[in-house]
Structures are given as structure tokens and as C-alpha cells.
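Reviewing the structure listed below.
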Amino acid sequence: MKLLPKETANLVTQAIKAAQSAGDLPEFDIPAIPITPTKHESHGDYACPVAMGLAKSAKMKPRAIAEIIIKHLPHADFIEKFEIAGSGFINFYLSSNFLKQQVEAIISEGENLFTLDIGIGKKAQVEFVSANPTGPIHIGRTRGGVIGDTMARLLEAAGYDVQREYYFNNAGNQMRILGESLKVRYLQELGQDVELDDNHYQGDYLIDYAKELVEQEKDALVDAEWVVFKEFVEQKMFKWIRKSLKAINIEHDNFFNEDSLFQNGDVWETLAELEANGYVYEAIHWKGITEEEKSKSKATELAKWFETTKFGDEKDRVMVKADGVPTYTLPDIAYHRNKVQRGFDVMVNVLGADHGQQYKTVAWGMEALGLDPTGIHVILNQFVRTVITDPKTGEKVEKKGSTRRGEYDTLDDLVEWTSADAVRYHLLAYSPTTHITFDVGEVIKQNNENPVYYIQNAHVRCCGIFREAAERGFTDDGADMSLLGEDELKFIRKAVELGRVIEAAVESYEPHKIAFYGQDLAGVFHPIYDKVRVLHTEVPQDVAKARLRFYKAAQVVFHRVLSLMGMTTPERM
RNA sequence: GCCUCCGUAGCUCAGUGGAUGAGAGCGAAGGACUUCUAAUCCUUAGGCCGUAGGUUCGAGUCCUACCGGGGGCGCCA
């Protein structure tokens, strides 16, 4: 289906070119043509303010330019009329016939409605969640998960071949601590008098795993190294994380093990390349350190530094610690090097706000390696603040780090208390840059106060009509779309915006746009549903057939939108 | 102190440099079910878009400064 704003912009471009070659407009470089949906019906469907922008370079009045443009506008089947308004806007009105034809077009595209061609033949990758496998998935990570998965769905809709990847941080210090923590729990299960220290993971889930281990191995592991426990708990975590994510309809195609970068030597190759390119030096302190900082520093041995100050960083960053173990930055750079080498056209990286500095360092790493980082796009999503409204005072009480008390803090809990759809919707419906306040009380509401069900209910209502029609043996055979009225056209106008929404969401890496579109679309639908009845005695048969066909198209649109959000499409509430 | 994100209705949030009516949901006040299920619809009230300057035909949107809040500034990940 057509992307109407883009098509309209093309018309204007053609008109300007024609006007120039006819000598009606002076020569100038034609800018990108802005086309905006209008806010008021009296301004038509789309508005083009380009004449105002051209006033200077053409040395003419905006309205005069607009006059000339519309004189040269080529004919298009989707435009019924256009006119000049205000200080020089060109307003376009969509053709009713065209809109009516879209009903069939929508139905025939079905589940692929508005699949675009901008990504055809291109590979995209979305890396998201990538939480350390050291505990359950937390609500903050879930936000990244929902954003990432929805982004992947939108990229697919844009035509890309998409891979969803999870960077599994199964190397490094934290995993060792996790293994050690499990060992302590294991020994405790065997009755030994040992305690966790403050650095250890305190979560109860380790007690359960320890019990399992005792059952399986008895006391055979008493003298085993932490690695043995790490391997065991890692497998458990892997399964747990996948299960938690699957509950909200998120499945990764690939789990990339950080471990593998050490095993295949990529980490050291990366370091060697950075060294060869002259970005690494060995020193106790970084080059630009002040005497004051040096006196505070405890470092006494040589480490390897990545000279990020060459890229404008405030200080250099350690790549390899004095003990010979890399910081996590080096494998992270190696990972992205690997990613780029895998040949993706687009790589989206969904990260929490706490990784703001880290991704800069990685980007500099790509530059230092001489790799092209232009395909990499980072979505930095801000934190989620969880609150719960006190029913007595109405005050919002902040919930902080109460994993141990365990209410709503993990993804598993959230899903249990609400629903997968509610979790997905509520974490998607914010711009990634917004610091959201997540009111648990609002999300768990299963009633009409919860906007989650507003969109789904539109789909349900369509299904209800078809159910009833089927019972009565009524079909849309031979439906005549010319019988549709203004109300139905209003909905179709909104429906054909979907393509532009997908395009905008993909281009700006803002998947929340689809959630707001869904709300808008349902907001147009419901009043129409109330007015435009199908199976009523006073509705003539031929009109009823046309309307039934119309609701078929509406169902297709809602199905598509809900699928893009990773939500279910219920047929009954 | 530096970097970064955010200040829009009572609350939670949208808002491509465009039209002298800045939107949605929730909350508040009032109304509509003998109907294809009302998880719906229709009214009403509610705003110096943090503050002050600047850029231009035009600013909630871009720039600067300030104020307020989140996050980051480890030889942790």
C-alpha cells in the first residue's frame, strides 16, 4: 500500500520542477518537502508548508509560490482536491473513492499490512535485554526487552530480515561470585557452618538450586571449584531467563556467549588490532592523570589503557587489568567487532541509561579498529521508577530495591499479578528517553480504567459482529464499498496512516509510536462502532454488507497493530 | 565539577519548526445499556509547555544560561 505523505511530497517535488522548467519559479535546489497530517478537518488531510520555506530563496511571497505549485501539481488518484490556506499552506484532501478502495487493499494485505520495502534485502539485528545471568529479570530490563522486541517487529514490518540477539554475559567476575555464592548455599545445605559475605548474591533462588545440587550430587562437590557451581547455575539462569521472557512473547534467535570471545581468541585479536592501530599503551596510571589523583590511586602495577582521550573522552579507559584479566569493555568491543563483521546493515542496541558512557567507549573502539559504526544505533532507555498508590492517602509510595520482599519487582511477579499484554503495553507506551513512573496499581487493574484493553476491545468488537453475522447466515458477499459513509471513511483515513507510523518508528528508533497509534486508532474506532451498526433491522441489507466488509478491514488493522506490539488478539473479553 | 536524560492539565504521559481552540488516558462533575457484550460512548471543568534570553516568516519543539529531578563518571559488570 502507498505511503501517502511520501507520495504527496513527490507530487509537490514534481510540481516545483515543472514550474521551474516552465520558468514560473526561479532555479533553486529543491528541499525535502514537509508533509504534515493536519490537526483540523477544515485543513484537509495533509498540509504542505513548503511555500513559506521557499519564500526567501525564490524571493516571492509564500502564497504566490503556493499558487504556482498547485498550478503544476500532477494528477493523483488519491487526492480529491487541494487548496491554499492561511499564510501559504497547501492543503490536500484525500479522495473518498480512494479511501473506499483501501478497504479491499487492507483485507488483501492481511497480516502483512503495510509491510514496507525500505528494508527489503537488508539484514538487521536487535540486541536487547542482555542482562547478566545472575538473577531473575527485573522490571527495568523488561522495559528494554519490550522496546527491543517491538523494535524488531517494526523492522520486520519495514521489510528487514531481523535477528534478535541476547549478549549473554557469562564471563567475568560477577559469574565467579555467583558460582561462589551457590557453593556457600550448597555447603549450607550440607549442614556446614558457612555464611554468605556482602558481595555474594543473596537471592533465595540459589537456595533452591543448592537443594537440587545436593539431591543430584550428594556431598560429591564439597571440594569442587567455583567453576563447577558457576556452570550449573548458568544453565539454570539461561533457562529461567528464556522462560520469563517467553511469557511476554519475547524470544531471541541467538544467545551470544561472552565466553566464546575468549575461547576463540577474538578478545586478544581485538586488543592486538587496537595496539597495532596505536590506541593502546601500558602504564600504571593513564597519561593525563593529575598528581592529586595519582596520590589517591592504589594502583602499583602496569595495566593496558585504551586511549579514548584521542576521541575527546575525559580520561583513558583500562582494557586489561594489572592481573591480566580484561575489563568488560574489551570483550564488549570484541563483541561489536564481531557483530559488524557479521554484515548487518542495521544494528540496534537497547541499553539501560546506566550504560551511556559504555556505549561511547565501544563506539570509539569501532572507530579505532577502523570499522564502520554507522549501522549501529543505540536506544538508551531511561529507568523505571516503581511506585504504588496508597489506597488511603492516594499518595504514591516509591518501591525501592525490595527484591527480597518480592512484590512486582521481577518480570515473573509482574506477569503473575497482571498479564503479559498489560506488561508489554505499559512498558512500551513511553518514549525510551522518558523516565517513567510505573504505578503498579494502575497496571494490575483489569477493568475499564486500564488502557491496555481499549485497543484489544476494538478487535473483540469486530469479532463479535462476525460471530453474530455467521449465526444469522449473513455474509459480505457482493459488498458495495460506495455505500460507506463519512464515519467509516474517518476510520480508514486513520488506518492508512499505519505505514507512515511504522516508517517513522523505524527511522527514529522509537517503537512507542506504535502504542500511541493503537490508542488513537481505537479512539476513532469505538465512537464509530456505536453509531455504525451492521446487524440492525433498520439498516438496509446492501449497506449492512458494506459495513460488514468495513469491519473486516478494521479487524485486520487492529490485528496488525496488536501483533506489532507483541500483544494477543483476543476474540472475546 | 563533568557527561547524559527529563521538567507540558491534579496524576501518568504524547506532541515531525507550522495554522491566535497545546492533545490522550486516569482522576473530578454530569449524562447514555430491551441494541453486533457498556472493558464503550457523549458533555463539562482543568495549561504563562520549569525560568530568562536568543535564532526566524513561525518555537512546547532549535541554541545559550539558570533552576529542579533521574542516571553515569572503578584496574566492577
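Throughout, a chain's letter reflects where its sequence line sits, starting with A, and its residues are numbered from 1. Just so we're clear, the structure is a prediction, and the values are computed from it rather than from any experiment.
Here B/C33 is in the syn range [glycosidic angle within 90° of 0].
A donor N or O paired with an acceptor N or O is found under 3.5 Å between the base of B/A19 and the side-chain atoms of A/Asn91. Judged by distance alone, with hydrogens and angles left aside, A/His526 brings no side-chain donor or acceptor close enough to the base of B/C41 to form a pair under 3.5 Å. No hydrogens or angles were tested; on distance alone, nothing pairs the side chain of A/Gln382 with the base of B/G71 as donor and acceptor under 3.5 Å.
Here the nucleotide nearest the side chain of A/Pro37, chosen from B/A14, B/U40, B/U16, is B/U16. Listed candidates were B/C41, B/A19, B/A77. Nearest to the side chain of A/Gln174 is B/A77. For A/Phe516, the side-chain atoms get nearest to B/A14 when compared with the rest of B/A77, B/A14, B/U56. When the nucleotides B/U12, B/C75, B/A19 are ranked by their closest atom to the side chain of A/Lys39, B/A19 comes out on top. Of the candidate nucleotides B/A77, B/A19, B/G70, B/A77 has the atom nearest to the side chain of A/Lys321. Comparing atom distances between the A/Lys360 side chain and each of B/C3, B/C13, B/U16 picks out B/C3 as nearest. Closest to the A/Thr327 side chain, of the nucleotides B/C75, B/C13, B/A19, is B/C75.
In this structure, A/Thr434 reaches the B/A14 phosphate: one of its side-chain N or O atoms is under 4.0 Å from OP1 or OP2. Put simply, A/Lys315 has a side-chain N or O that comes within less than 4.0 Å of OP1 or OP2 on B/C75. Distances shorter than 4.0 Å separate none of the side-chain N or O atoms of A/Thr36 from OP1 or OP2 on B/U16. Within the structure, a side-chain polar atom (N or O) of A/Thr437 is placed less than 4.0 Å from OP1 or OP2 of B/C13. At least one side-chain nitrogen or oxygen of A/Tyr454 sits closer than 4.0 Å to the OP1 or OP2 atom of B/C41. Checking the phosphate oxygens (OP1, OP2) of B/C73, no side-chain nitrogen or oxygen of A/His355 falls inside 4.0 Å.
Rounded to an integer number of Å, the gap from A/Glu292 CD to B/G1 C1' is 12 Å. Taking atom NE2 of A/His426 as the reference point, atom P of B/A14 lies 14 Å away to the nearest angstrom. We find that CG of A/Leu521 is positioned 16 Å from C1' of B/U40, with the value rounded to whole Å. In this structure, the NE2 atom of A/His43 is 12 Å from the C1' atom of B/U20, given to the nearest Å. Rounded to whole Å, atom C1' of B/C57 lies 8 Å from atom CE of A/Met52. The distance from atom CD1 of A/Ile33 to atom C1' of B/U16 is 15 Å, rounded to the nearest whole Å. With rounding to whole Å, A/Tyr517 atom OH is found 18 Å from B/A24 atom P. Atoms CG (A/Leu54) and P (B/U56) sit 18 Å apart, rounded to a whole Å.
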Heavy-atom protein contacts under 4.0 Å, nucleotides 32-38 of chain B, coded B base, S sugar-phosphate only, - none: ---BBBS
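A gap of 15 Å separates the C1' atoms of B/G27 and B/U44, to the nearest Å.
Salt-bridge check for A/Glu471 with A/Arg467: failed, with every basic side-chain N at 4.0 Å or more from each acidic carboxylate O. With salt bridges taken as basic N to acidic carboxylate O contacts below 4.0 Å, none links A/Arg500 and A/Asp45. Ion pair A/Lys552/A/Asp476 not flagged as a salt bridge, since none of the NZ, NE, NH1 or NH2 atoms sits closer than 4.0 Å to an Asp/Glu carboxylate oxygen. A salt bridge is defined here as a Lys NZ or Arg NE, NH1 or NH2 lying under 4.0 Å from an Asp or Glu carboxylate O, and A/Lys287 with A/Glu307 meets this definition. We find that A/Glu293 and A/Lys296 are not joined by a salt bridge, their nearest charged nitrogen and carboxylate oxygen being 4.0 Å or further apart.
Within the nucleic acid shown, A/Pro49 comes within 4.0 Å of at least one base atom, counting heavy atoms only. Using a 4.0 Å heavy-atom cutoff across all strands shown, A/Glu314 reaches sugar-phosphate atoms only and no base atom. At a threshold of 4.0 angstrom between heavy atoms, the contacts of A/Ala85 include nucleobase atoms, whether or not backbone atoms are also involved. At a threshold of 4.0 angstrom between heavy atoms, the contacts of A/Ala299 include nucleobase atoms, whether or not backbone atoms are also involved. In this structure, A/Glu301 reaches the bases: a heavy-atom distance under 4.0 Å links it to at least one base atom across the strands shown. Across all strands shown, A/Asp439 has no heavy atoms under 4.0 Å from either base or sugar-phosphate atoms. Looking at heavy-atom distances under 4.0 Å, A/His40 makes contact with a base. Across all strands shown, A/Ala504 has no heavy atoms under 4.0 Å from either base or sugar-phosphate atoms. Looking at heavy-atom distances under 4.0 Å, A/Leu548 makes no contact with the nucleic acid at all. Here A/Ser431 lies in heavy-atom contact (under 4.0 Å) with sugar-phosphate atoms only.
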A/Asn170/A/Glu234 under side-chain hydrogen bond (donor to acceptor under 3.5 Å, both in side chains): CA gap, chis, key distance, verdict: CA-CA 7 Å; A/Asn170 61 349; A/Glu234 182 184 322; 3.1 Å; yes
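Stacking between A/His435 and the base of B/G71 is absent under the criterion of ring centres within 5.5 Å and planes under 30 degrees. By the 5.5 angstrom centroid cut-off and the 30-degree plane limit, A/Phe89 is classified as stacked against the base of B/A19.
Residue pairs meeting the salt bridge (Lys or Arg N to Asp or Glu O under 4.0 Å) criterion with at least one partner in residues 508-527 of chain A, sequence neighbours excluded, are A/Lys494-A/Asp520, A/Glu510-A/Lys513.
Here the two rings, on A/Phe311 and A/Tyr279, have centers that are under 6.0 Å apart.
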Intra- and interstrand pairs of RNA chain B - dot-bracket, Watson-Crick/G-U under 3.5 Å, | marks other strand: (((((((..((((....[....)))).(((((.......))))).....(((((..]....))))))))))))....
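A/Phe255 and A/Tyr166 have parallel rings, their planes meeting at less than 30° on a 0 to 90° scale where 60° marks the start of perpendicular. Ring orientation note: the planes of A/Phe525 and A/Phe558 are nearly perpendicular, at an angle over 60° on the 30°/60° scale. Relative ring orientation between A/Tyr167 and A/Phe256 is described as tilted, the plane-to-plane angle lying within the 30° to 60° band.
A/Val320 pairs with exactly one of A/Thr329, A/Val267, A/Leu330 by the side-chain contact (heavy atoms from CB on, under 4.5 Å) rule, that one being A/Leu330.
Side-chain contact, A/Tyr46 with A/Glu7: no donor N or O sits under 3.5 Å from an acceptor N or O.
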